[in-house]
Amino acid sequence: MPRDYYEVLGVTKDATQDEIKRAYRALAKKYHPDVTDLSKDDAEIKFKEVSEAYEVLSDPEKKKLYDQYGHAGVNGQFGSGGFSWDDFTHADDISDIFGDIFGSMFGGGFGRRQQTRSRNSPRQGESLRYDLEITLAEVLNGKTAELSIPHSVSCGDCRGTGGKDGNTEVCQTCKGSGQVQRVSRTPFGNMVSVGDCPKCGGSGRYSKERCPKCGGAGRLNVTTKVSVEIPKGAEEEMRFRVAGKGEAGYSGGPPGDLIVVVHIRENKDFRRDGMNLWSEVTTTYPKLVLGGEETVGTIDGDKISITIPPGTQIGGVLRISGKGLPKLGQGVRGNMFVRVMMDVPKKVSPYEKELLSKLDDQAGKRPACKPKSKIRQKLEEL
Ligand SMILES: [Zn+2]
Ligand SMILES: [Zn+2]
């Protein structure tokens with residue numbers, strides 16, 4: 001179980017974004033490899049811990065999830081192994097402290113985008129995003145989503161090399177570097193530019209015969225079935241990472257990940273407010289005044305009877321406990337709030353008309369600001 005993020009950064013729950021940033025910068029200085037007394041490994045563990053806390057608390061959306069659900073609320077934001085440097089998006093906030101050392105420190109794992117990219121070094125494939133829409137009923141019960149993901153995989157016949165039976169040789173044009181220098185004459189003198197080798201396309205290796213299965217691409221387009229567990233109580237924009245189900249890697253690099261982003265479909269009967277649900281029930285004037293029963297649907301799909309208390313106002317709200325949505329990954333459920341509305345009939349029978357006229361006469365005689373019990377008494381006398 002990771003430590004509390006607020007504790008890690010040494011800030012209180014109501015700290016402003018400025019205070020959170022200041023706290024993180026101070027800790028970044030403390031664990032800088034040039035000044036810390038800790039070993040490189042220990043410094044990285046500490047620095048990673050504070051960076052994880054900062055990644056969450058500096059992002060209003062993630063902070064909200066963390067405040068509401070704790071670590072369970074934000075775990076889905078990171079890979080299956082938990083927070084890694086690839087998840088860190090705030091290198092800019094401390095680049096003045098770490099400068100260039102940042103890219104090389106801690107084994108160079110920090111900030112993938114700062115790596116130098118040569119096309120013939122192994123690179124991870126691109127990650128894919130899948131937007132998954134789920135219903136409120138699925139938020140209630142959780143869901144195992146079975147997805148069909150079109151993506152590329154490394155060709156097995158040529159082991160991703162693109163050469164027949166995997167046979168390739170070092171490209172003679174670039175001597176295996178994948179890059180060639182071009183010299184062009186300009187008014188300012190000779191300009192030397194470096195570009196991808198035209199013979200091998202930058203891979204540094206060349207195959208005389210192409211792999212017949214992938215046509216020399218080294219990768220194949222496939223559709224893979226992926227199953228993703230969406231927990232009870234899932235929230236809008238919640239992310240789930242499925243390792244290795246993105247695009248194939250390059251030059252023997254690992255495949256990218258699949259990121260599943262959850263969206264909650266609008267529901268015509270219920271509006272979600274965190275763990276609570278809001279709905280409406282329509283009743284009659286007599287029931288508002290005298291009290292009565294109405295039937296409402298729940299998100300479970302049942303119909304339940306609710307009691308309208310005497311003297312309920314139009315727009316009044318009734319609470320049905322435990323009929324809301326579950327807390328993330330747990331059984332505890334929020335409440336359902338039912339707003340009581342009134343249906344005014346457009347047509348009435350002669351008898352109803354007579355009753356309503358009598359009621360109106362009576363209401364006209366009723367002194368203003370009478371206590372409710374007296375009003376009810378008069379209505380009962382009708
Ligand atoms: Zn192949
Ligand atoms: Zn080449």
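Start at 1 and go down the list; that is how both ligands and their atoms are numbered. These numbers were taken from a predicted model, which means no experiment stands behind them.
Separation of the Phe47 and Tyr31 ring centroids does not fall under the 6.0 Å cut-off. Checked against the 6.0 Å centroid criterion, the rings of His71 and Tyr5 qualify as a close aromatic pair.
For Asp4 and Tyr66, the side-chain atoms include at least one donor-acceptor pair closer than 3.5 Å.
Of all protein N, O or S atoms, those under 2.8 Å from the Zn ion (ligand 1) number 4.
Rounding to the nearest 10°, we obtain 110° for the angle at the Zn ion (ligand 2) between Cys200 SG and Cys174 SG. Rounded to 10°, the angle that SG of Cys197 and SG of Cys171 form at the Zn ion (ligand 2) is 110°.
When the shell of 6.0 Å around CD of Glu266 is examined, it contains 12 or fewer heavy atoms from other residues, nucleotides or ligands.
Salt bridge absent: Glu44 and Lys48 never bring a charged side-chain N and a carboxylate O closer than 4.0 Å.
Remark: Arg219 is positioned above the aromatic ring of Tyr250, its terminal NZ or CZ atom under 6.0 angstrom from the ring centre and at most 45 degrees off the axis.
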message: Go through it in stages, so that I can follow the logic: the residues are Glu294 and Lys287, the test is salt bridge (Lys or Arg N to Asp or Glu O under 4.0 Å), and I'd like the CA-CA distance, side-chain angles, deciding distance and then a yes or no.
response: CA-CA 9 Å; Glu294 285 292 354; Lys287 281 186 191 171; 3.2 Å; yes

